[in-house]
Amino acid sequence: MQTRKKYIFLTFLASWLLLFLFGGDQLRRFSFFSGRKAEARRNWPRWTDRSLLKSFADAEELPRDGDPSLLSPRERRAAWLSVYRGSRCRMETCFDFSRCEKHGFKVFTYPRERGQPVSETYGKILSSIERSRYHTANPEEACLFILSIDTLDRDHLSGQYVRDVDEKIRSFPLWNGGRNHLIFNLYSGTWPDYAGDLGFDIGQAILAKASFDTESFRPGFDVSIPLFSKEHPQRGGDRGWLYQDSVPPRKKYLLVFKGKRYLTGIGSGTRNALHHIHNGKDIISLTTCKHGKDWEKHKDTRCDRDNIDYERFDYQELLHNSTFCIVPRGRRLGSFRFLEALQAACIPVLLSDGWELPFSEAIDWGKAAVVGSERLLLQIPSAVRCIHPERVLAFQQQTQFLWDAYFSSVDKIVHTTLEIIKDRLSPHRSRSRFLWNALPGGLLVLPDFSTHLGDFPFYYLQHGSSPSKKFTAFIRAVSQGGSLSQPILRLIQAVSGSQYCAQIVVLWSCEKPPPPSGKWPQTTVPLTVIQGRRQLSDRFFPFEAIQMDAVLSLDEDTSLSTSEVDFAFSVWRSFPERIVGFPTQSHFWDPEQGRWGYTSRWTNELSIVLTAAAFYHRYYHSLFTEYLPAGLRELVDGLAACEDILMNVLVAAVTKLPPIKVTQRKQHKDVVAQQAECRDGAAGTPPPGQRSPSAPHSAPARVKGTAGSRRFSQRQDCLNQLADWFGYMPLVSSQLRLDPVLFKDQVSVLRKKYPSLEKP
Amino acid sequence: IMCASAKYNTRGPALIPRMKTKHRIYYITLFSIVLLGLIATGMFQFWPHSIESSSDWTVEKRSVHDVPVVKLPADSPIPERGDLSCRMHTCFDVYRCGFNPKNKIKVYIYSLKKYVDEYGTSVSNTISREYNELLTAISDSEFYTDDVNRACLFVPSIDVLNQNALRIKETAQALAQLSRWDRGTNHLLFNMLPGGPPDYNTALDVPRDRALLAGGGFSTWTYRQGYDVSIPVYSPLSGEVDLPERGPGPRRFFILSSQMALHPEYRLELEALQAENGESVLILDKCTNLSDGVPAVRKRCYKNQVFDYPQVLQESTFCVVLRGARLGQAVLSDVLQAGCVPVIIADSYILPFSEVLDWKRASVVIPEEKMPEMYSILQSIPQRQIEEMQRQARWFWEAYFRSMKAIALATLQIINDRIYPYAAISYEEWNDPPAVKWSSVSNPLFLPLIPPQSQGFTAVVLTYDRVESLFRVITEVSKVPSLSKLLVVWNNQNKNPPEDSLWPKIRVPLKVVRTAENKLSNRFFPYDEIETEAVLAIDDDIIMLTSDELQFGYEVWREFPDRLVGYPGRLHLWDHEMNKWKYESEWTNEVSMVLTGAAFYHKYFNYLYTYKMPGDIKNWVDAHMNCEDIAMNFLVANVTGKSVIKVTPRKKFKCPECTAIDGLSLDQTHMVERSECINKFASVFGTMPLKVVEHRADPVLYKDDFPEKLKSFPNIGSL
């Protein structure tokens, strides 16, 4: 049996060797050699003489890289101008900054020519610019020029294609080789390669184009815009579809796509592969072959089955019920799906390699979208599954913020484009990336006001700072010159009694000059009188004299006590981005008349705080005066009683939140003091008695005088006109009032901090 | 073939006994062949590894002079010039990086060689001190791999930091012969000083085909956005000089220029500025009459005054960084280190790490044309912002400039973020200095949404065995119009909940959840049964709250969905005598907490409480059976930075007869325990996140002289 043993031994040996060799590679890695292996990770050696190594540049070389024989800076810049043209344009070489110096950033649109119709979309773009605060009708003032020729669709197979653009452009005396021109384009190139070519020489013009590819995009010069449909609203725009922050995201599907599959040609690679990730459960990826006339010619074996599946699902339903949406390239890089997904709070998963994302100069897309790679499609399902619910929640909210801030209307898209260009003109007065990507968004932040986060009402928490501990009282005086009315004297006394009051500013809105300084009451805080321009919108002018973040806006006949002021200010410090005030009114939708209604009756809700007695952040003065287009301010000045509604609408449009009402004693205006007012035109405010909406008797129905009812209907008109201007009704209603913690509690007044608020 | 013979062999033993002797020879031969084959294969597999490891790496004590010499034949291939159209999706082989759970790219470093041309003359310095530091840093980082087959990114050990220190053509040849070069795909080169006389190109002139370039002086025309990485020019002074951080604030000079080799044209413009604005502007130059032995690099002069460099930079608010022949200047690093705000005057320059760093927060960029306006531009910047820029500048230096390691890791992280964008580091992480990260909050529910009323809320009642009182609470709560579901958390393991038939009949679904352990944290568990955003946490003895009060509370929560909106308000106070926090439940004019015995909040905070509570607070609360409500207040305030909202005047909750503010015992031990909790939590959070406010929310018409029947919420109790 020796031989047998030998055989067994041999076999054993052989098997062992086999095991070692086949499985050995793994074993070597993991189990028995792992200890030694870790030791022997072959790191970069610690050279014995590493301290003796020479530096990459010797000490003298670094600070002295000049070379006197070089071109002088001026010569170099001149040389650039001729070298870096066309596809290598940059702001330094192709843009004439000097045009923008004298008049600032003004945009001129070429007059529309007869017999040269523009598409609906281009018409919207032009009217967006014409409505903007940058528009000028004078080409001499202009810094930026917009053609009246429709350049949106440059696919020469399209019906909207405009021919002979080159010739037309050359005939424009202002063209100047395209310098300082901005050209909008949505579609360029055509079948089969859909190249970026526009079919005419854009010269040195800036291109704002959809579906920009990174290669032809001139960084810091061009602007990538999103593709939008011709139904995209001019202004306002629908809000996003996210109504609640569900945790975990309770959506039926994880990832969806429904769209065309190109059987041939550019873009077909990605779309043809999309069906691979479909699992019929939480990942729905449906494609149809049906597109174009002759799809059946190119039809492949999957087409029939795909087409059947495709019909089973509804696109809108998928969009509403999915956490992630695939946004693959179409024939061109951008697609409508991008904005659709953004609005639907369906986090876009981008599969469009080489796409310069919309407004990428400003927007940090990493916070709102998953930028996938076309080459790694099959990794997408596991990648999105690994994204933590917290991050999903943040992504979803960011899509809604971006949609609302920059994309929901043509106005917003165009204004964002303009602001991005404007920011380049003076880099030191431009928005940081943070400002673009945090609520309320770059369009609502004016870098001319400040570039410091702490100067705005929106960023205290992110910035880790708090609003100023004092306020500026800002009183608008309209009483007859010569002497000061009793109410204003009492008001100054009450306000200056507040420990938080830093200064009092009186806006003198009357023809007569203000009383000499000796006639003003002595106050512990400085008192400044400014002569106004006698426009209603003047009360929201960003006067230099206002030094604190918080403004307490007052009418001269407002009656407030010191403790009311103190309490309201302590509330404002908790809500610095809102208007915090005393008397309130509300708006409602009147279905019978099909318009917005306005009421100053006592109601259970409020949406407007009268600026006759309210705290708000001084930045809103700047927004009011500089952000709103001049036309809107003219409207307000014409209407006599609308400026405070506009202020409320503006703040609500910025914050999306209602104002805050705080406790007040019964009357806020002194009815006794019926002062004669300077009733000349727009400057006059209506008699105070009728303006005290908190008193139940001031309900419009009961006001006998025609002045009262006219005023009421004017305010209602104003509300409707504003809703029209904004494209929606920004006002938001609230059902609460903030009172001191022990307000009217049955406890000794000695315990209360604000006992006087309870006195009738 | 191997697999087949193996199968045959394993069947061997069973067959052998029946074998005839003449077959034995056949088998022995077969075995021998197999054995030999196996041994040969084995040798083949192991041999090369051992050679490499012994000759190249394992010997630690080596000098750079001992590295192998590679001779480059004159006709060895040269890569194509860099391709300006390269982008990640065209020139980068992403398949090498794969999907991995850690979302980290793997970086391989080629071993060090000395390259010589045909005549034996060396191509460059073998390696500079900085490049060695950089490679060491990569090798020590978690990006590193020593397995060339698993690598996603390759870093050649050929030092191209300074183009002037190398021979261009031969360096290119050396690159081309790297074992995985493959047209430079996925290769990363680090260069700080590109170009050379006379035209000083802004990117490395060494032909490099598709390789990525981390370059220190890119202009907008050579930088391939999203492909290259713009890096700083390292200043060796960073390592030599220790400049302690200086508090922000006004400094002796307003504008300082310290560069020595300025173009005369720039110098004239600067001097004009100085002439106009006097002593607040200081234009330094090199010193002409220094005694021997004083390093010229460390001194700067203005007329006869001698200043220490870089210390003098700390004396100025703004420091000018002008371009020289190259765009990237090492002085930028010195300026940042000194906490001086750089004024960058270099048209078309791509600032270091501009892909992720927000330079507008740390610097002022002024177009060359506008140099004469520099003073007025800088004057227009508010002081508060200047102070922030100073801090920001210093932070950028500390995080991304101070060492070759910092530069290397930031570069790799940027590339990593491109490959795994869904795991990328956020803007805030890159840009916020630690102090800001610490003091700022980023609210997870940042979007201003007012949730639809129709959603309703889920009431969660935590109970142990007070069935009678529980049923009363259920009946009361079920009267609230917006209640959509009621969840009873049965925290008693020894007793079964009452039978179904005994529970009150209510109009909304009622669910009972039984818990495994009697823990307070059970009340904050994010149960799947909670389908609404709003949760009303309510104790099983809170019987006094009216339906109007609860409905109003829900309406208030809708207006403040990211806050705790509750009924019993409490306050924390600083006890100056004891030097610690104190809990207060007396009649106070302020609130900083609401008790979760009756409070609305967002379900998201249940997740936070259960999974993200800092430190050991959660276990501590469960162990002490107390203060879960205070912990929740801390958590929410800490993550949102906002105060609570106390709704309605109600202060009695348990029984009308109770004299105390509420039934919870007001005895001393209770108060001491609660105070202990506050102190404990404040120390775990490292801060006191609670915010004190003086207001509470009441219905608009509360206590107003107005017909009660017209009020939305008439039944608001007074106490």
Side-chain angles (χ1 to χ4, degrees), chain A residues 7 10-11 14 17-18 41-44 47-49 53 55-57 59 62-67 72-73 90 92 214-215 219 243-245 247 353-354 364 366 370-371 379 383 397 400 427-428 432-433 452 461-462 464 570-571 574 604 656-657 735-739 741 744-745 747 751 753, chain B residues 6 9 12 16 31 38 57 61 63-64 85 87 89 99 128-130 135-136 139 146 161-162 225 236 260-261 265 297 324-326 330 347 358 360-361 364-365 377 382 385 421-422 424 439-441 445 447-448 451-452 533 555-556 587 589 604 641 649 693-698 700 703 712:
Chain A
Y7 281 124
L10 265 173
T11 320
L17 261 172
L18 277 171
R41 190 172 95 147
R42 291 159 302 166
N43 278 327
W44 183 254
W47 307 106
T48 49
D49 48 358
L53 290 174
S55 177
F56 76 110
L62 271 181
R64 197 170 303 160
D65 80 333
D67 190 338
S72 85
R90 295 293 185 272
E92 299 98 299
T214 45
E215 221 177 289
Y243 287 94
Q244 55 189 74
D245 294 319
V247 188
D353 287 351
D364 184 356
V370 177
V371 186
Q379 287 182 11
Q397 294 178 76
Q400 300 296 284
H428 63 280
S432 68
R433 225 172 150 72
H452 182 247
L461 290 173
Q462 289 117 306
S570 90
V571 170
S574 286
N604 286 295
K656 322 268 179 244
L657 295 169
Q735 301 194 56
L736 59 93
R737 181 183 81 200
L738 294 182
D739 295 332
V741 174
K744 299 213 171 165
D745 280 351
V747 63
R751 281 181 175 272
K753 185 166 177 189
Chain B
N9 278 328
I16 289 162
F31 273 127
L38 289 176
W57 298 88
K61 301 269 177 225
S63 149
V64 280
S85 68
R87 292 295 181 275
H89 67 281
F99 177 76
S128 64
R129 184 169 65 228
E130 285 80 11
L135 294 180
T136 309
S139 160
D146 58 356
L161 281 182
N162 182 354
Q225 201 161 13
M260 295 199 280
E265 206 175 289
V297 214
R326 296 190 183 88
D347 287 0
D358 191 343
K360 284 181 185 166
R361 284 170 63 175
V364 184
V365 176
I377 289 176
Q385 190 174 356
Y422 37 83
S439 64
S440 67
V441 290
L445 304 169
L447 194 71
E533 280 180 273
E555 299 293 346
V556 173
W587 295 88
N589 282 290
Y604 180 77
V693 290
E694 297 182 338
H695 51 253
R696 70 165 197 242
D698 290 329
V700 176
K703 291 265 180 185
S712 306

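If you're wondering where the values come from, they're calculated on a predicted model, not measured in any experiment. Naming: A, B, ... by sequence-line order, numbering from 1 per chain.
- Using a 4.5 Å cut-off between heavy atoms, B/Ala330 contacts chain A through its side chain alone, with no backbone atom that close.
- Heavy atoms closer than 4.5 Å to chain B are found in both the backbone and the side chain of A/Leu461.
- Listed for the A/Asp49 side chain is no donor-acceptor partner under 3.5 Å among the backbone atoms of B/Ser63.
- Comparing B/Glu555, B/Lys360, B/Gln225 by how many heavy-atom pairs each has under 4.5 Å with chain A, the most go to B/Lys360.
- At distances below 3.5 Å, not a single donor-acceptor pair connects side-chain atoms of A/Asp353 with backbone N or O atoms of B/His89.
- Contacts of B/Asp358 with chain A are made by side-chain atoms alone, with heavy-atom separations under 4.5 Å and no backbone atom involved.
- Under a 3.5 Å cut-off, the side chain of A/Asn604 and the backbone N or O of B/Ser712 do form a donor-acceptor pair.
- Judged by distance alone, the side chain of B/Glu265 and the main-chain N or O of A/Ser72 form no donor-acceptor pair under 3.5 Å.
- Top candidate by heavy-atom pairs under 4.5 Å with chain A, chosen from B/Pro448, B/Gly641, B/Pro451, is B/Pro448.
- The residue among B/Glu533, B/Met260, B/Arg361 with the most heavy atom pairs within less than 4.5 Å of chain A is B/Glu533.
- With sequence neighbours left out, A/Ser570 forms a side-chain hydrogen bond (donor to acceptor under 3.5 Å, both in side chains) with B/Glu694.
- Contact annotation for B/Val364: only side-chain heavy atoms (C-beta onward) come within less than 4.5 Å of a heavy atom of chain A.
- Most heavy-atom pairs under 4.5 Å with chain B: of the set A/Asp245, A/Thr214, A/Val370, this distinction falls to A/Asp245.
- Counting heavy-atom pairs closer than 4.5 Å to chain A, the top residue among B/Ser139, B/Ser85, B/Pro452 is B/Ser139.
- With respect to chain B, the highest number of heavy-atom pairs below 4.5 Å among A/Gln462, A/Gln244, A/Glu92 belongs to A/Gln244.
- Atom CZ of residue A/Arg42 and atom CG of residue B/Asp146 lie 4.5 Å apart, to the nearest 0.5 angstrom.
- Atoms CG and CZ, from B/Asp347 and A/Arg90 in turn, are 13.0 Å apart once rounded to the nearest 0.5 Å.
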